[in-house]
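One structure below.
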There are 2 protein chains.
Amino acid sequence: MVKQRHRITSYDVAEAAGVSQSTVSRALSGDPIVAEATRNRILDIARSLNYHIDAAASRTRSGRIETIAVVMVCPEHEDVRVLNPFHYGLLAAICSAASQRGLETIVSFQGARDRLKDSYEQGRRAMGIIVIGTSENHTAWNFFRNSAQNGTHIVCWGAPYDDLDWVRADNHAGAALAVEHLLAQGYKSIAYVGDNNCPQRQFAERYAGYVTAMEQAGKTPRLIEVAPGLSRHEQGRRAAQALLASGQAFNAIFAACDDLALGAMAVLEERGLSVPGDVGVVGFDGVRSGAIAVTPLSTIEPDFAAAGEVLVERMLASVAGEVAPRRRVPVSLVVRESSAAAAPQKATAA
Amino acid sequence: MVKQRHRITSYDVAEAAGVSQSTVSRALSGDPIVAEATRNRILDIARSLNYHIDAAASRTRSGRIETIAVVMVCPEHEDVRVLNPFHYGLLAAICSAASQRGLETIVSFQGARDRLKDSYEQGRRAMGIIVIGTSENHTAWNFFRNSAQNGTHIVCWGAPYDDLDWVRADNHAGAALAVEHLLAQGYKSIAYVGDNNCPQRQFAERYAGYVTAMEQAGKTPRLIEVAPGLSRHEQGRRAAQALLASGQAFNAIFAACDDLALGAMAVLEERGLSVPGDVGVVGFDGVRSGAIAVTPLSTIEPDFAAAGEVLVERMLASVAGEVAPRRRVPVSLVVRESSAAAAPQKATAA
DNA sequence: CTGAAAGCGCTTACAG
DNA sequence: CTGAAAGCGCTTACAG
C-alpha cells in the first residue's frame, strides 16, 4: 500500500503537465475551451497520479453541490424493519437515477420526532431532499411539509399532502389493470381491500380506479375498509376475516398493496379456500415477498427505474426553478399464480 | 416562503452578535475556550438567523469529512430487487449508527463492472467505504479488495476475502442456537441446507457451527448442498426436492439463510408435509418476509443495530489508524411457528 | 477569552 | 487558447 505524503492537488498535476493550475481545472471540468491535445495530456497525467478533484473545495468555490438528500421516513419508534420493502426498491432506484446523472445521494432514516433533520440545503450538503417512506408518521411529514413551505426543495413519493411536490404511480390505471385482469380470468365478484382513512393519497386513487373499472364493467364495487393502527399484513388478515364473516359472496380481492394482499391470502388459505380458483387475488406494489410467497402474488408494479428518474428529474427542475413535466410513473400488471383462472361457476361465501 | 437574497454566513452572525467571525466559528464548533455567555448568545443568534455551517467550506478548510460512503454491491446486471432484504436492514442500521455519531452517509448501488466507483476518499467525499451486499458479484468484490490494498479505508459485512476488514454475525453461536432449539422441540433429524462453494464465509461458518452442535448432541450432520446460479429461494426449493427424493428420513431443516428456508418450506408444504409438525424449519437472517410467511419462519437474527454500530466503529478506527476491538455481531433466536413442537414419533421420509 | 490574518484547493472572471 | 489573481466560507495557528 502506497500512501501519499501529501494529498495530490491540481497544482501537482499542473506541474507535471507543464501548464497552469487553472488550465488543469478547466481540462478536468471538461471546459471545451482548452485545446484537445492539452486536455488529453492533462487527463492522462491526472489519471496516472490518481488525482481526483477535491469535492469539498470544488463545492465551496462553485456553489454547486450535485448531491441530493434522500430521507426515508420511518415509524416514530424507528424500527426500520417495518418499512415497506417497496420503499427500499424506490431508494435503490433514486440512488441509481441520481448516480446516472452524476449526482451523489446522502441518505438518512428518520423517525423519532426529536431527530428530524432538514438542514441539508442550509448546510450546503445537498441541493434538496427527496422524501419517501411510511405515510403513517404524521409528525415527520408535517415537518417536511413545513420545510417545503420555508423554501427547502422537497420532492416526495406518495406525499400525504397535495401541497408538497409529489410523484406517484399511475394508480388509477393500475387499479383498472387489476380489475380487468381479474374479470378476464373469470372472477366476477371483486372486493377491494384498502385503507381510505389514512393520509395515503395513493390508496384513495387506487380505490377510485377500482370503482371506475368495476362500474365500467357493470359490476358493483365493494370496499372492505381495514382497521387502523396495525401492520398492513395484519390489516389484510382482518379484512379477509371480515369479508368471510359478512357471508356475502365474493371470489376475488384486489388489495391496495401487496402486504394487505398477502395477509388476506394467508387467511383465505387457512380457511381452506384455494387461491387461485376459489378466490383470485391481485395486490399492488411489486414487492419481493409477493414473488416468493407460497402462492406467488399477482401485482401491479410501478416502473421502479422510472420512479427514481422522475423523482430526480423533478428535484433538478425544482432547484432550477422550473416545473418538470412528469409526475406520474407508469405501472404494469405482473401475472403470477394468485390470479390464475377462476374455478368455474363457484362464487365463494363464508 | 421567505428566500434569502444572499446565503447567510458566519460573518452575518458575527455582526449580529457583535463579535468576530472567528469567535462565531469557535462557538459553533463547540470550542470550550469561548466564554459560555458568548457562546450562548452566538448560538441563539445563529438559530434565529437560521444559520448553518457551510459543510463544503468547513470540509475544505479542516480536512474533516465526517461522511462515510456505503456501497451496496448488486448483481452485475444491476437488478436491485434481487438484493437480499437483509442488506437493506443492514443499510438502515449503518445509516442510523453513522447519524448517531454525527456522520453523514452517501450511498450507492453498484453492480455493472464498468460503473464501479471507489474514489470517494480520493475525491474527499468520504472518509472510507462500508461495502455490503451480494457476495455473488466477484468483479465488484475484487474491485474493492484492490481498493483496500491501495490504501482506501474499507470495512465490509460478510466479505468473501479475509484480507478485507470484515464484520460478521456470530454465525457459529447462531447455528448452535438453531440446532439446540430444534432438538428441544423434538426434531431429532436435522438436515442443513446451504451453499458451501460460494465465497460467503458466513455460510461456511454457519455450517461449521451446525456440525459442531450436532456432534455435541450425538447426531450425524447432513449437508444438502444447493445448486449454484439460482436465486436463494429457488435453491431452497431444489434442496428440499433433493432431500425428499433422497428417501432418507429427516424431520427438520436448518437453512443457511431465510430465503433458502422459505424456498424449502414452500416445497415441503406443496408435498403435503406439515411445517411445523412433520418438519421443523429454522432459517438465518431475520428477514421480514420470513415473519409474514404463511407459516412464519423461525430464524437466527443478528442484532441489526449492533451490526451498524460495529461497522461504523471499525471504519472510524481504521481511519484513525487503530484496530477496533469488535468485529462479531451477536445473534438471537426468534421463535416463530415453523419450529413449533414436532409431531410425536414420526420421522418423515420422501 | 477574543480578534486579525493566513490559507484549505478549488473555479472563474479578467487580461492577454 | 492560457495564465495570474481573486475569492468561496470556513478553521486555526498566532498574537494579544
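Computed from a prediction, not measured in an experiment: that's the story for all the values here.
OP1 or OP2 of C:dG9 has not a single side-chain nitrogen or oxygen of A:S10 nearer than 4.0 Å. A:T38 has a side-chain polar atom (N or O) that falls below the 4.0 Å cut-off from OP1 or OP2 of D:dT2.
D:dA4 atom P lies 10 Å from atom OH of A:Y11, rounded to whole Å. The separation between B:I42 atom CD1 and D:dC10 atom C1' is 15 Å, rounded to whole Å. If you measure from atom CZ of B:R124 to atom C1' of C:dC8, you get 7 Å, rounded to the nearest angstrom. Atom P of nucleotide C:dT11 and atom CZ of A:R61 are separated by 10 Å, given to the nearest angstrom. Whole-Å rounding puts the B:I53 CD1 to C:dC8 C1' distance at 16 Å. Atom CD of A:E66 and atom P of C:dT11 are 11 Å apart (whole Å). Atom CD1 in A:I8 sits roughly 11 Å away from atom P in C:dC10 (whole-Å rounding). What separates CG of B:D54 from P of D:dC10 is a distance of 5 Å, to the nearest Å.
Under the 3.5 Å distance criterion, the side-chain polar atoms of A:T60 are matched with a main-chain donor or acceptor of B:A56.
Here the closest heavy-atom approach between residue A:L116 and residue A:Q110 is recorded as CA-OE1, 3.4 Å. The minimum heavy-atom distance between A:D12 and A:T9, with the atom names listed, is OD2-N, 2.8 Å.
The stretch residues 19-33 of chain A comes close to DNA chain C through A:Q21, A:S22, A:S25, A:R26, each having a heavy atom under 4.0 Å from the strand.
Note on B:T60: a base of the nucleic acid sits closer than 4.0 angstrom, heavy atoms only. Contact annotation for B:R64: backbone-only contact, meaning every heavy-atom pair under 4.0 Å involves sugar-phosphate atoms and none involves a base.
Side-chain contact check for A:F144 versus A:I129: some heavy-atom pair is nearer than 4.5 Å.
By the 6.0 Å and 45° rule, B:R201 does not stack over the aromatic ring of B:W166. Cation-pi contact between B:R168 and B:W157: absent, since separation from the ring centre below 6.0 Å together with deviation from the ring axis within 45° is not met. At least one test fails for A:R125 against the ring of A:Y120: distance under 6.0 Å to the centre or angle within 45° of the axis.
Base pairing annotation: D:dG3 forms a Watson-Crick or G-U wobble pair with C:dC14, both donor-acceptor distances under 3.5 Å.
When the C1' atom is used for both C:dT12 and C:dG16, the distance is 16 Å, rounded to whole Å.
For the pair A:A57 and A:G18, nearest-nucleotide mapping onto DNA chain D gives the more 5' position to A:G18.
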